[in-house]
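Notes to accompany the following structure.
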2 protein chains.
Amino acid sequence: METTWADRLRAAGLRVTRPRLSVLDVLAEHPHADADAIVTGARELHPSLSPQAVYGVLKALVATGLARRIEPAGAPALFELRVGDNHHHLVCRSCGAVADVDCAVGAVACLTPSDTAGFVVDEAEVVFWGLCRDCRAVAPAEAAQVPEQDNRGGVRA
Amino acid sequence: METTWADRLRAAGLRVTRPRLSVLDVLAEHPHADADAIVTGARELHPSLSPQAVYGVLKALVATGLARRIEPAGAPALFELRVGDNHHHLVCRSCGAVADVDCAVGAVACLTPSDTAGFVVDEAEVVFWGLCRDCRAVAPAEAAQVPEQDNRGGVRA
DNA sequence: CCGTTTTCTTGATTCAGTCAAATCAAGGAC
DNA sequence: GTCCTTGATTTGACTGAATCAAGAAAACGG
């Protein structure tokens with residue numbers, strides 16, 4: 001990695017602090033971590049780190065575009081460092097695992113709703129819901145009737 | 001409307017109760033109401049209605065497929081009665097207004113991510129973010145730099 | 001090394017939503 | 001029509017994510 005996290009923080013007009021580097025480190029290792037996981041992970045590098053500090057750091061990172069916040073329905077917010085590359089997400093209904101997926105073929109069509117109802121659209125967010133490989137393996141029978149999580153609606157395949 | 005709400009409740013195996021009819025009434029009038037708005041609205045028809053009752057009713061409606069729950073990032077959950085017609089949503093970053101949008105041309109492509117990473121996808125959820133007509137009119141200057149809500153990331157148009 | 005400014009810490013608070021026990025009503029049986 | 005069983009609602013306490021505020025600490029330009 002040529003540009004260090006410290007460089008990127010400075011470039012974004014943020015001071016380089018230990019909590020911020022710790023959080024960035026955790027995010028680099030766990031690309032879709034929630035605030036709690038980040039606190040736990042970052043404490044290995046900076047034991048005195050408080051949850052509020054993490055929230056503050058994440059807010060700063062998101063505000064400056066270094067990180068992105070994603071909020072899957074029914075789960076705490078997740079944070080990721082992949083920004084500006086137009087990717088979407090696969091979310092497992094069972095375990096909540098998240099995987100990145102590059103813009104699908106035909107994605108451009110997604111950006112042009114048939115009727116914008118007067119809205120000026122600046123972003124299209126796509127979330128694919130399903131079961132990850134592990135959860136399929138663990139509970140293939142329950143796959144048809146996902147427990148506690150049906151009827152989120154939307155486009156059915 | 002030929003089939004009444006009472007009929008639909010019975011068809012779904014649910015008892016016909018005043019709280020449920022009140023909630024359905026409010027949802028019919030406000031197609032994207034949050035729990036709080038539903039409580040307020042339903043109390044005009046049934047003053048003693050408690051918030052927990054509304055949560056219970058909504059849970060039952062969602063579980064039986066009579067209603068759908070949508071959870072825009074950063075806002076309380078909304079509920080709607082349009083189910084099973086594969087529509088998506090336009091959400092205003094400024095005021096939170098939600099509008100329905102029928103499946104865009106090319107929507108089928110949305111259901112086929114280029115790489116599913118081992119997931120079995122059963123649903124694709126699409127949310128279009130932008131500014132509604134009213135908010136554009138009120139604050140055309142702030143439109144470029146949306147207050148308190150930037151960097152949600154995703155596909156940029 | 002010092003001072004200013006940003007950032008972090010500590011603690012309290014909000015808000016959406018859930019859980020559990022007790023009461024009450026819907027709708028079938030009689 | 002009345003009783004009874006089951007399911008729904010009420011009441012109240014509780015969880016968990018996230019935010020706010022005030023003081024302490026650290027970053028970094030001079």
Side-chain angles (χ1 to χ4, degrees), chain A residues 4-24 32-40 42-43 45-64 66-67 69-79 96 147-149 152, chain B residues 4-24 32-40 42-43 45-64 66-67 69-79 96 147-149 152:
Chain A
T4 63
W5 289 125
D7 290 337
R8 297 202 189 185
L9 284 171
R10 267 186 281 264
L14 296 173
R15 290 186 177 172
V16 179
T17 68
R18 190 118 154 279
R20 285 175 179 167
L21 292 174
S22 304
V23 167
L24 287 168
H32 301 104
D34 61 26
D36 193 59
I38 295 171
V39 171
T40 304
R43 280 207 175 129
L45 302 164
H46 187 179
S48 74
L49 196 65
S50 66
Q52 288 76 353
V54 170
Y55 279 112
V57 169
L58 290 172
K59 198 171 187 178
L61 294 179
V62 170
T64 55
L66 287 177
R69 180 188 190 127
I70 58 182
E71 301 187 32
L78 305 177
F79 297 86
E148 308 287 315
Q149 279 267 23
R152 271 190 198 297
Chain B
T4 64
W5 289 125
D7 291 336
R8 299 202 189 186
L9 284 171
R10 267 185 282 263
L14 296 173
R15 289 185 178 172
V16 179
T17 67
R18 190 117 154 276
R20 286 176 178 167
L21 293 174
S22 303
V23 167
L24 286 168
H32 302 104
D34 61 25
D36 193 59
I38 294 171
V39 171
T40 305
R43 280 204 175 133
L45 302 163
H46 187 177
S48 75
L49 197 64
S50 67
Q52 288 77 353
V54 170
Y55 278 113
V57 169
L58 291 171
K59 199 171 186 176
L61 294 180
V62 170
T64 54
L66 286 178
R69 180 188 189 126
I70 57 181
E71 301 188 31
L78 305 177
F79 296 86
E148 307 287 316
Q149 280 267 25
R152 269 190 201 295

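Sequence lines set the chain letters: A, B, ... in the order given, protein chains first and strands last, and positions in each chain run from 1. Model, not experiment: these values are computed from the prediction.
Atom CD1 in A:Ile70 sits about 16 Å away from atom C1' in D:dA17, given to the nearest Å. Computed from coordinates, the B:Asp36 CG to C:dT14 P distance equals 16 Å when rounded to whole Å. Between the CZ atom of A:Arg69 and the C1' atom of D:dT19 there is a distance of 11 Å, rounded to whole Å. The distance from atom CG of B:Leu14 to atom P of D:dT6 is 18 Å, rounded to the nearest whole Å. Look at CG on B:Leu9: it is 15 Å from C1' on D:dT9, rounded to the nearest Å. For the pair B:Leu21 CG and C:dA25 P, the interatomic distance rounds to 16 Å; values are reported in whole Å. What separates CD1 of A:Ile38 from C1' of C:dC8 is a distance of 17 Å, to the nearest Å.
The side chain of B:Leu49 has D:dT10 as its nearest neighbour among D:dT6, D:dA18, D:dT10. Picking from D:dA18, C:dT6, C:dC8 the nucleotide with the shortest atom distance to the side chain of A:Arg15 gives C:dT6.
In this structure, the side chains of B:Glu71 and A:Glu71 stay at 4.5 Å or more apart for every pair of heavy atoms. Between B:Ile38 and B:Val57 the shortest side-chain heavy-atom distance does not fall below 4.5 Å. The shortest distance between side-chain heavy atoms of A:Leu9 and A:Thr17 does not fall below 4.5 Å. Here the side chains of B:Leu21 and B:His46 are not in contact, with every heavy-atom distance at 4.5 Å or above. Side-chain contact between B:Arg10 and B:Asp7 is present, with at least one heavy-atom pair separated by less than 4.5 Å. Between A:Val39 and A:Leu49 there is no side-chain heavy-atom pair separated by less than 4.5 Å.
Along DNA chain C, the nucleotide nearest to A:Gln52 and the one nearest to B:Pro76 differ in position, and the one closer to the 5' end is contacted by A:Gln52. Comparing A:Asp34 and B:Ser50 by the nucleotide of DNA chain D whose heavy atom lies nearest to each, the residue mapping closer to the 5' end is B:Ser50. Of the two residues contacting DNA chain C, namely B:Tyr55 and A:Gly13, the nearest-nucleotide position lying further toward the 5' end is that of A:Gly13.
For the helix from C:dC1-D:dG30 to C:dC30-D:dG1, the end axes, each set by the C1' atoms of five terminal pairs, are bent relative to each other by 30° (nearest 10°).
Residue-level contact check: A:Ala60 touches neither bases nor backbone, having no heavy atom under 4.0 Å from any strand. A:Thr17 comes within 4.0 angstrom of the backbone, heavy atoms only, and of no base.
OP1 or OP2 of C:dT6 has not a single side-chain nitrogen or oxygen of A:Lys59 nearer than 4.0 Å. Checking the phosphate oxygens (OP1, OP2) of C:dC8, no side-chain nitrogen or oxygen of A:Ser48 falls inside 4.0 Å. Remark: B:Arg18 is not in phosphate contact with C:dA26, judged by side-chain N or O atoms under 4.0 Å from OP1 or OP2. Contact between the side-chain N/O atoms of A:His46 and the OP1/OP2 oxygens of C:dT9 is found at a separation under 4.0 Å.
When all heavy atoms of B:Ser50 and B:Arg43 are compared, the closest pair comes out as CA-NH2, 4.0 Å.
The base of C:dT7 lies outside donor-acceptor range of the side chain of A:Arg20, with no N or O pair under 3.5 Å.
Between the OG1 atom of A:Thr4 and the CG atom of A:Leu24 there is a distance of 10.0 Å, given to the nearest 0.5 Å.
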